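As the structure is a computational prediction, the values presented were derived from the model and not from experiment.
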Amino acid sequence: TADGNGNRVTARDYPAISIRLRETGLVVVNVCVEADGNVGDVTLVETSGHDRLDAATVRMVGGRFRYNPATQGGAPLRHCANQPVRWALG
């Protein structure tokens, strides 16, 4: 599960040129969460239609997002799932 408020897009995450071009969209990535809750592999599943937002999503999720690991029999384990990330301008 997502861990805290750090798992969302912030103004710092938005590529400057994407802001100028008013690029928005939904990106879906497949995220593999390791047994310690850190993110392992991040793979693009569905594009926003904007390469900059897609690349920023992979970097952001892999570099900053944290999760509670899945468990089986009370023991943490690696698990992969799709994570949607919405890029929107106010």
Side-chain angles (χ1 to χ4, degrees):
T1 61
D3 184 17
N5 291 331
N7 289 3
R8 69 174 105 173
V9 176
T10 68
R12 288 176 158 171
D13 298 312
Y14 229 111
I17 192 165
S18 294
I19 293 171
R20 285 193 300 276
L21 295 173
R22 307 291 298 164
E23 294 176 340
T24 62
L26 178 71
V27 180
V28 179
V29 290
N30 184 267
V31 182
C32 292
V33 178
E34 305 299 335
D36 64 4
N38 287 316
V39 174
D41 299 323
V42 180
T43 307
L44 182 67
V45 173
E46 187 176 316
T47 180
S48 65
H50 304 287
D51 292 342
R52 280 177 291 276
L53 297 182
D54 298 344
T57 301
V58 171
R59 279 192 309 275
M60 178 181 63
V61 172
R64 183 167 53 79
F65 281 24
R66 295 293 173 260
Y67 297 85
N68 295 318
T71 59
Q72 185 173 21
L77 57 96
R78 183 177 197 264
H79 178 74
C80 301
N82 287 348
Q83 169 78 55
V85 176
R86 181 162 305 281
W87 292 86
L89 296 167

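The backbone N or O of Arg66 lies less than 3.5 Å from a partner atom in the side chain of Asn7, making a donor-acceptor pair. Remark: side-chain polar atoms of Tyr14 are paired, donor with acceptor, to backbone N or O of Glu23 under 3.5 angstrom.
Residues Pro15 and Ala56 share a closest heavy-atom pair of CG-CB, 3.9 Å. Of all heavy-atom pairs spanning Ala88 and Thr24, the tightest one is CA-CG2, 4.1 Å. The minimum heavy-atom distance linking Ala35 with Pro76 is given by the pair O-CB, 3.4 Å.
Put simply, CD on Glu46 and CG on Asp54 are 10.0 Å apart, with the number rounded to the nearest 0.5 Å. In this structure, Asp36 CG and Tyr67 OH are separated by 14.0 Å, a value rounded to the nearest 0.5 Å. Annotation: the span from Thr47 atom OG1 to Leu53 atom CG amounts to 8.5 Å, rounded to 0.5 Å. Summarising the geometry, atom CG belonging to Leu21 is positioned 10.5 Å from atom CG belonging to Leu89; distances are rounded to the nearest 0.5 Å. Residue Asn38 holds its CG atom at 14.0 Å from CZ of Phe65, rounded to the nearest 0.5 Å. Annotation: the span from Ser18 atom OG to Asp51 atom CG amounts to 9.5 Å, rounded to 0.5 Å.
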I would like to know whether Asp41 and Arg78 meet salt bridge (Lys or Arg N to Asp or Glu O under 4.0 Å); could you show each step before the answer?
CA-CA 11 Å; Asp41 299 323; Arg78 183 177 197 264; 2.9 Å; yes
Checking Val27 against Leu44 for the side-chain contact (heavy atoms from CB on, under 4.5 Å) test, could you report, in this order, the C-alpha distance in whole Å, the side-chain angles of both residues, the deciding distance, and whether it holds?
CA-CA 8 Å; Val27 180; Leu44 182 67; 3.5 Å; yes
Stepwise side-chain contact (heavy atoms from CB on, under 4.5 Å) test for Val61 and Val85
CA-CA 9 Å; Val61 172; Val85 176; 4.2 Å; yes
Would you please test Asn30 and Gln83 for side-chain contact (heavy atoms from CB on, under 4.5 Å) and show each step?
CA-CA 6 Å; Asn30 184 267; Gln83 169 78 55; over 6 Å; no
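Under the 4.5 Å side-chain heavy-atom criterion for grouping Ile, Leu, Val, Met, Phe, Trp and Tyr, Ile19 is connected to Met60 within one hydrophobic cluster. Residues Val28 and Val9 do not share a hydrophobic cluster, defined by chaining ILVMFWY side chains whose heavy atoms lie under 4.5 Å apart.
Under a 4.0 Å N-O distance rule, the pair Asp13/Arg64 qualifies as a salt bridge.
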